[in-house]
Amino acid sequence: MISPPTSEAELLNRAYSIAGFTLNELATQNNLICPQDLCREKGWVGMLLERCLGAIAGNKPEQDFQNIGIELKSIPISYMGKPLETTFVCIAPFIKVQGLTWENSHIRNKLSKVLWIPVEGEREIPIRDRHVGTPLIWQPSAEEEAQLKVDWEELMEFIVLGKVHKINARHGEYLQLRPKAANSKELTIAYGDRGQPIKTLPRAFYLRTQFTARILSHYFTLPENK
DNA sequence: AATTGATCATTA
DNA sequence: TAATGATCAATT
């Protein structure tokens, strides 16, 4: 078990030191067994990278490296270096949302600085053979933050107005709200349009691949088309 | 081929 | 139950 990094430079060095290795090599180094597939261990790659980099394994609603203000995100990429999945950010709040602004939101804090680690994610590549890519530290530009804020405000309006049942994944240009639960029968408390408590499926904020593709492309030159 | 809604494991 | 880590797979 390695200790948490004490600086951004240390974290980035560690991230560079695992770039190029396969998941099986990293698993072995950490005394873990690489699964055949991720069907029943969807977060396995993320957990492996946490161990490699010294993140405190936990489910606290905070950045992974709170001491240095950085969130860790693994992102599955195609052969062309484009994201294969949307990126989970955090659970959406359904209660105590009065007075909540983008500026003091949990999601803004999480996205204020992110260490992205691309990992090969094509399904035809066995998990054990997938390579970890070059890491990058990202902070939203003024434009990116403005775009996220617009989406966040649009999505939060449903919640504040008690229109949770009208939410679907099509809202939001870069940020979307989708289910985040063990199954579709799981329920959490929200408020209806007359202010009455209701039970509904928990949702979370996800970054669309279009948005994360742009982040990655700022750092790597990608071939044209597809 | 891209996207949406559904789902899995673990911890506290 | 709610939070973390996400990907799966049916549908469009």
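To find a chain, count down the sequence lines: A is the first, B the second, and so on, and within it residues start at 1.
Considering only heavy atoms from C-beta on, Arg130(A) stays 4.5 Å or farther from Thr22(A) through its side chain.
A heavy-atom distance below 4.0 Å to DNA chain B is reached by these residues of residues 171-187 of chain A, ordered by number: Gln176(A), Arg178(A), Pro179(A), Lys180(A), Ala181(A), Ala182(A), Asn183(A), Ser184(A). For DNA chain B, the neighbouring residues in residues 21-39 of chain A, judged by any heavy atom under 4.0 Å, are Cys39(A).
Nucleic acid contact for Tyr206(A): base, since at least one base atom lies under 4.0 Å from a heavy atom of the residue. Looking at heavy-atom distances under 4.0 Å, Gly46(A) makes contact with sugar-phosphate atoms alone, never a base. In this structure, Glu71(A) reaches the sugar-phosphate backbone alone: every heavy-atom distance under 4.0 Å involves primed, P, OP1 or OP2 atoms, never a base. Within 4.0 Å of Pro202(A), counting heavy atoms only, lies no atom of the nucleic acid at all.
Of all heavy-atom pairs between Arg208(A) and His171(A), the closest is NH2-O, 3.2 Å. Here the closest non-hydrogen pair linking Thr188(A) and Phe94(A) is CG2-CD1, 3.8 Å. Nearest heavy atoms, Tyr174(A) versus Gln210(A): CE2-NE2, 3.8 Å.
When each of Arg130(A) and Lys199(A) is assigned the nucleotide of DNA chain C with its nearest heavy atom, Lys199(A) is the one assigned upstream, toward the 5' end. Mapping Cys90(A) and Gly121(A) onto DNA chain C by nearest heavy atom places Cys90(A) closer to the 5' end of the strand.
Taking a 6.0 Å sphere around CD of Gln36(A), one finds it holds 12 or fewer heavy atoms contributed by other residues, nucleotides or ligands.
For the atom pair Leu111(A) CG and Trp138(A) CH2, the distance stands at 5.5 Å (nearest 0.5 Å).
The backbone N or O of Pro179(A) sits less than 3.5 Å from a side-chain atom of Tyr206(A), completing a donor-acceptor pair. Judged purely by atom type and a 3.5 angstrom limit, Glu143(A) has no side-chain atom pairing as donor or acceptor with the backbone of Ser141(A).
Not counting sequence neighbours, the partners of Ala169(A) by the side chain to side chain contact (heavy atoms under 4.5 Å, CB included) test are Gln176(A), Arg178(A). Partners of Ser184(A) under the side-chain hydrogen bond (donor to acceptor under 3.5 Å, both in side chains) rule, at least two apart in sequence or in another chain, do not exist in this structure.
If you take CZ of Arg203(A) and C1' of dT7(B), they are 15 Å apart, rounded to a whole angstrom. Here dT7(C) presents its P atom at 17 Å from CD of Glu124(A), a figure rounded to the nearest Å. In this structure, Lys42(A) atom NZ and dG5(C) atom C1' are separated by 12 Å, rounded to whole Å. What separates CG of Asn59(A) from C1' of dT11(B) is a distance of 5 Å, to the nearest Å. Between the CZ atom of Arg40(A) and the C1' atom of dT7(B) there is a distance of 10 Å, given to the nearest Å. The separation between Ile75(A) atom CD1 and dT7(C) atom C1' is 13 Å, rounded to whole Å. One atom, CZ of Arg123(A), and another, C1' of dT7(C), lie 7 Å apart when rounded to the nearest Å. The interatomic distance linking Glu41(A) (CD) with dC8(B) (P) rounds to 13 Å, in whole Å.
OP1 or OP2 of dG5(C) has not a single side-chain nitrogen or oxygen of Ser74(A) nearer than 4.0 Å. At the phosphate of dA2(C), neither OP1 nor OP2 sits under 4.0 Å from any side-chain N or O atom of Lys60(A).
Relative to the six-membered ring of Phe158(A), Arg203(A) misses at least one condition, a distance below 6.0 Å or an angle of at most 45° to the axis.
Comparing dT4(B), dT7(B), dA9(B) against the side chain of Thr86(A) picks out dT4(B) as the nearest. In the set dA2(C), dA9(B), dG5(C), the nucleotide with an atom closest to the side chain of Lys110(A) is dG5(C). Here dA2(C) is the nucleotide among dA2(C), dA9(C), dA6(C) with the atom lying nearest to any side-chain atom of Thr188(A).
Connectivity analysis of hydrophobic side chains (ILVMFWY, heavy atoms under 4.5 Å, direct or indirect) links Leu12(A) to Leu11(A), Tyr16(A), Ile18(A), Phe21(A), Leu23(A), Leu26(A), Leu32(A), Leu38(A), Trp44(A), Val45(A), Leu48(A), Leu49(A), Leu53(A), Phe65(A), Ile68(A), Ile70(A), Leu72(A), Leu115(A), Ile117(A), Val119(A), Ile127(A), Val132(A), Ile137(A).
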Mind listing the N/O atom pairs, protein and nucleotides 10-12 of chain C, below 3.5 Å?
none

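A side chain to side chain contact (heavy atoms under 4.5 Å, CB included) with Val89(A) is found for one member of Leu148(A), Ile107(A), Val114(A) and no other, namely Ile107(A).
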